[in-house]
Asks: 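Okay, here's the structure, questions in a sec.
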Amino acid sequence: MVDQNSDTRRIRRDRYEICIEEDHRNESFVEITISPPNYSAKVIMNWILVMVFNYICDYKILPKIQIESIKEYEICIKVCVFIISVIIFKRSKIEQITVIKDYGIQLTHWDGYIIFPFGLNKKLTQMREFISRNKIVDVVINEGFYQWYQVIFYLCIMIRNETKLKIMFPGHIKMKLEDEKLIYQLCQRYLYTTEDRKKHN
């Protein structure tokens, strides 16, 4: 979502990066994107791993195989190895929520393949889920346990008539609490009108 009145800011952490785009003038939406740190560097690293993987298979392993039937399909095998390597070394997942005033929250995530550009990957692998405002009971920071002993806090949506909470950033449940509080405050500001907040309180 792009708007001339929107403003973008970034928060960089060791394990993730947050990009916040919000409409200050009309307060009609806020878009929060969480991606891995050094995203471009990781894409380049995965390209290098793909090339190394294919080099080893094509020039170190296949020439040593003395089976005649395999040599007849050498090109097909190389193509299959390349496809497998591209599937294994994918782009890192990016998670995004868009809070649209008076409408609700859209949850989005995508990853993709390194052979495709970012925009095409986003179109091909993007998964969306929209939760309308009348279904949302509240956005909360919930407390839970991670790996049986570690207490963590994570952002989630309470949905009307559903027993399970909807986690907002499932790939980043170990986010810093201060960042979760910021996202929570943004959700409260953009999801609810002043009258809604008065009723809620």
Asks: What do you reckon, is NZ of K181 surrounded by more than 12 foreign heavy atoms closer than 6.0 Å?
Replies: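 At most 12 heavy atoms, drawn from other residues, nucleotides or ligands, come within 6.0 Å of this atom.
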
Asks: Is the side chain of S85 donor-acceptor paired with the backbone N or O of F82 at a distance under 3.5 Å, no angle test?
Replies: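 Yes; at least one donor-acceptor contact below 3.5 Å.
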
Asks: Identify the heavy atoms of M168 and C187 that sit nearest to each other, and give their distance.
Replies: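 So the minimum-distance heavy-atom pair works out to CE-SG, 3.7 Å.
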
Asks: How about CG on N142, more than 12 heavy atoms from neighbouring residues, nucleotides or ligands closer than 6.0 Å, or not?
Replies: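 Enclosed: over 12 neighbouring heavy atoms sit under 6.0 Å from CG of N142.
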
Asks: Using side chain to side chain contact (heavy atoms under 4.5 Å, CB included), reason through I159 and V137 one step at a time and then give a plain yes or no.
Replies: CA-CA 6 Å; I159 302 173; V137 177; over 6 Å; no

Asks: Can a donor-acceptor pair be found, under 3.5 Å and without considering hydrogens, that links the side chain of W47 to the backbone of I114?
Replies: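 Yes: the side chain of W47 pairs with the backbone of I114.
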
Asks: So which atom in I136 and which in R160 form the shortest heavy-atom distance, rounded to 0.1 Å?
Replies: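 Closest approach of I136 to R160: O-NH2, 3.9 Å.
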
Asks: Okay, side chain of N46, backbone of K90: is any donor-acceptor separation there less than 3.5 Å?
Replies: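 Present.
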
Asks: Kindly compute the distance separating CG (D58) from CE (M51), expressed to the nearest 0.5 Å.
Replies: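 Between atom CG of D58 and atom CE of M51 there are 13.0 Å.
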
Asks: Looking at R9 and E21, is there a salt bridge between them, counting it only when a charged N and a carboxylate O are closer than 4.0 Å?
Replies: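 Salt bridge between E21 and R9, a charged N being under 4.0 Å from a carboxylate O: no.
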
Asks: Test I94 against I34 for side chain to side chain contact (heavy atoms under 4.5 Å, CB included), laying out the working first.
Replies: CA-CA 6 Å; I94 295 176; I34 299 185; over 6 Å; no

Asks: Hydrogens and angles aside, do Q106 and T98 bring a side-chain donor and acceptor to less than 3.5 Å of each other?
Replies: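 Not at all, the side chains of Q106 and T98 share no donor-acceptor pair under 3.5 Å.
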
Asks: Counting only heavy atoms not in K176, do more than 12 sit closer than 6.0 Å to its NZ atom?
Replies: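 For K176, atom NZ is not crowded (no more than 12 foreign heavy atoms under 6.0 Å).
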
Asks: Take Y39 and E17 through the side-chain hydrogen bond (donor to acceptor under 3.5 Å, both in side chains) test and state the conclusion after the steps.
Replies: CA-CA 9 Å; Y39 181 79; E17 181 178 302; over 6 Å; no

Asks: Where do D102 and R133 come nearest, in terms of heavy atoms and distance?
Replies: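 The answer is OD1-NH1, 3.4 Å.
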
Asks: Please confirm whether the backbone N or O of V50 pairs with a side-chain atom of N54, one donor and one acceptor, at under 3.5 Å?
Replies: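 Between the backbone of V50 and the side chain of N54 there is a qualifying donor-acceptor contact (under 3.5 Å).
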
Asks: Please report the closest heavy-atom contact between S132 and N134, naming both atoms and the distance.
Replies: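 Heavy-atom minimum between the residues: OG-OD1, 2.6 Å.
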
Asks: Above 12 or not: heavy atoms from other molecules or residues under 6.0 Å from CZ of F89?
Replies: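 For F89, atom CZ is crowded (more than 12 foreign heavy atoms under 6.0 Å).
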
Asks: Should I100 and V30 count as side-chain neighbours, where that means a heavy-atom distance under 4.5 Å?
Replies: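 No, their side chains stay 4.5 Å or more apart.
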
Asks: Please report the shortest heavy-atom distance between P36 and K93, naming the atom on each side.
Replies: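 It is CD-O, 3.6 Å.
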
Asks: Is it the case that the side chain of E22 and the backbone of F29 share a donor-acceptor pair, with hydrogens and angles ignored and the cut-off at 3.5 Å?
Replies: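 No.
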
Asks: Side chain of N121, backbone of F116: donor and acceptor closer than 3.5 Å?
Replies: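 Checked: pair present.
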
Asks: Check L155 against E180 and note the closest heavy-atom contact, atom names and distance.
Replies: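 Minimum heavy-atom contact is CD2-O, 3.7 Å.
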
Asks: Going by atom types alone, do Y190 and D23 pair a side-chain donor with an acceptor below 3.5 Å?
Replies: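 The criterion, which ignores hydrogens and geometry beyond distance, is not satisfied for D23 and Y190.
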
Asks: Spell out, yes or no, whether I48 and I84 are grouped together once hydrophobic residues are joined by side-chain heavy atoms under 4.5 Å, including indirect joins.
Replies: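 In one cluster: yes.
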
Asks: Is it true that Q96 and H109 share a donor-acceptor pair across their side chains at a distance under 3.5 Å?
Replies: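 No - no donor-acceptor pair under 3.5 Å links their side chains.
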
